[in-house]
Amino acid sequence: QMLTDTKPKTFSDLVRISGLSHGESVWVGNAQDYIKNNVTTIKHVISTRDDIMTFLIYQGLDKKRAFDIMERVRKGKGLTDDDIGAMKQKDVPQWYIDSCNKIKYMFPKAHAVAYVTMSVKIAYYKVHYPLAFYAAYFTMKAPDFDADLILKGDKHVQNAIKEINIKENKSQKDKNSIVVLEVALEMYRRGLEILPVDLYLSDHKAFMIKDNKLLPPLISLEGVGETAAVNIQNERSISPFISVEDLMKRAKVNKTSIEVLKNHGCLDGLNESNQISLFNKENSGVL
């Protein structure tokens with residue numbers, strides 16, 4: 001709503017919005033009203049504590065007084081009668097004086113700049129390097145990424161979102177899941193694809209880019225814990241698994257995780273036991 005009301009056009013506007021959104025009684029019942037009523041614009045409302053001091057200095061107030069006024073206002077103490085008198089002498093608008101008296105807390109501009117700089121950088125990668133963006137984003141959210149569900153496609157993801165939304169009492173898991181599902185749906189709508197989890201190629205916890213598609217990690221399979229994923233990655237680097245039994249013993253993977261890996265197709269082509277594997281190799285002349 002703040003973006004709709006302010007219609008930002010520059011980086012500076014975004015910094016002001018960041019300040020407005022992090023302050024208390026800075027936007028609602030204050031700057032928002034002045035902008036809506038065409039009293040002033042986003043470029044001139046008080047958005048961060050620094051705005052007050054610099055504006056008052058430009059208006060001709062003594063630097064020390066300008067600083068003291070900023071400190072009082074940003075702490076929610078309002079203006080003294082002397083402050084108001086000094087501001088009026090320098091033709092500070094009445095709406096500006098009223099705005100100062102409404103403020104309860106203000107964000108420092110340096111923090112607002114840091115937040116917006118980070119946001120703009122992230123947005124740049126999201127637009128121009130989408131796979132890198134989604135790989136980084138989903139890696140942070142890997143425990144909440146359900147690879148089995150998301151790999152079914154955008155319609156299944158959309159249905160899952162609807163099912164969570166109609167729940168009256170959402171669990172924390174639901175709240176975490178819906179954020180990931182919405183981003184996954186967005187990714188699909190942008191024409192990007194996800195590969196199935198691969199026993200040998202998938203990292204234990206990081207999403208990677210392969211063949212211009214996203215490759216999920218082992219822990220993105222619900223039921224495969226981080227310990228099992230790490231063990232699988234370590235053991236496969238030593239030698240390939242000759243059977244499911246070999247995988248279970250070497251990587252210390254329990255039956256639940258094995259079933260999850262099987263259902264996802266990670267164990268296709270892998271025999272159940274070492275004995276069968278050795279027998280097959282013997283018949284094929286390998287041994």
Side-chain angles (χ1 to χ4, degrees), residues 130-157 159-160 171-174 176-177 179-181 183-185 187-188 192-287:
L131 279 173
F133 168 82
Y134 291 114
Y137 179 83
F138 286 134
T139 294
M140 292 191 301
K141 303 286 186 180
D144 301 311
F145 189 99
D146 185 345
D148 277 325
L149 167 62
I150 292 174
L151 274 161
K152 290 177 181 177
D154 62 342
K155 289 184 179 178
H156 284 85
V157 172
N159 289 335
S171 66
Q172 188 57 50
K173 184 179 179 181
D174 288 333
N176 293 342
S177 295
V179 174
V180 172
L181 290 170
V183 176
L185 181 61
M187 187 194 71
Y188 274 129
L192 303 173
E193 297 179 49
I194 304 179
L195 294 166
V197 176
D198 190 288
L199 184 66
Y200 288 102
L201 299 178
S202 291
D203 187 74
H204 76 280
K205 69 174 182 179
F207 280 75
M208 299 187 297
I209 300 171
K210 179 176 172 57
D211 299 330
N212 211 31
K213 297 176 183 177
L214 214 57
L215 178 64
L218 293 165
I219 64 166
S220 66
L221 292 173
E222 196 166 332
V224 178
E226 187 165 356
T227 301
V230 170
N231 290 343
I232 290 171
Q233 184 170 333
N234 290 338
E235 288 298 321
R236 75 188 183 192
S237 66
I238 298 171
S239 63
F241 302 109
I242 62 173
S243 67
V244 174
E245 180 185 356
D246 183 45
L247 170 62
M248 292 179 71
K249 285 182 179 179
R250 287 168 51 194
K252 298 178 176 60
V253 179
N254 60 34
K255 291 182 178 180
T256 301
S257 296
I258 289 296
E259 284 305 309
V260 171
L261 291 166
K262 279 184 179 179
N263 292 335
H264 193 73
C266 294
L267 307 185
D268 290 354
L270 204 59
N271 291 318
E272 286 295 324
S273 71
N274 295 348
Q275 186 176 359
I276 295 173
S277 298
L278 290 169
F279 180 77
N280 288 343
K281 286 182 178 180
E282 193 170 310
N283 285 342
S284 64
V286 174
L287 295 177

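On a predicted model such as this, the values are computed, not experimentally measured, just so you know. For the single chain, residues carry numbers from 1 onward in sequence order.
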Participant: Can you check whether L215 reaches L201 side chain to side chain, under 4.5 Å on heavy atoms?
Facilitator: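 Yes; the side chains approach each other to less than 4.5 Å.
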Participant: Checking D174 against S177: is there a side-chain donor and acceptor pair closer than 3.5 Å?
Facilitator: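 Their side chains do not contain a donor-acceptor pair, so the 3.5 Å distance test is not met.
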Participant: Could you check whether any side-chain heavy atom of F145 comes within less than 4.5 Å of a side-chain heavy atom of I219, counting everything from C-beta outward?
Facilitator: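 The answer is no, as the side chains (C-beta and beyond) never meet within the 4.5 Å cut-off.
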Participant: May I ask you to test the L151-H264 pair for a side-chain heavy-atom distance under 4.5 Å?
Facilitator: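 Yes, their side chains come closer than 4.5 Å.
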Participant: Does the side chain to side chain contact (heavy atoms under 4.5 Å, CB included) test come out yes or no for D203 and K205, once each step is laid out?
Facilitator: CA-CA 6 Å; D203 187 74; K205 69 174 182 179; 4.1 Å; yes
Participant: Picking from T227, N234, N231, V230, what satisfies side chain to side chain contact (heavy atoms under 4.5 Å, CB included) with H204?
Facilitator: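 One option only clears the test, and that one is V230.
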Participant: With side chains defined as the heavy atoms from C-beta onward, is the minimum distance between L267 and L247 less than 4.5 Å?
Facilitator: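 In contact.
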Participant: Side chains of P216 and I194, heavy atoms from C-beta outward: is any pair under 4.5 Å?
Facilitator: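 They are in contact (side-chain heavy atoms under 4.5 Å apart), so the answer is yes.
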Participant: So do R250 and R236 actually touch side chain to side chain, heavy atoms under 4.5 Å?
Facilitator: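 Heavy-atom side-chain distance check fails, nothing below 4.5 Å.
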Participant: Considering the options F133, Y137, Y134, which one meets the side chain to side chain contact (heavy atoms under 4.5 Å, CB included) requirement together with M187?
Facilitator: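 Result for side chain to side chain contact (heavy atoms under 4.5 Å, CB included) with M187: Y134.
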Participant: Less than 4.5 Å apart, side chain to side chain, heavy atoms only: is that true for V244 and L261?
Facilitator: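 Not touching, per the 4.5 Å side-chain cut-off.
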Participant: Determine the sole option in V224, L221, V260 for which the side chain to side chain contact (heavy atoms under 4.5 Å, CB included) test with C266 is passed.
Facilitator: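 It is L221; the other options fail the test.
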Participant: Determine, for K249 against E235, whether the closest basic-nitrogen to carboxylate-oxygen distance falls under 4.0 angstrom.
Facilitator: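 So K249 does not pair with E235 through a salt bridge.
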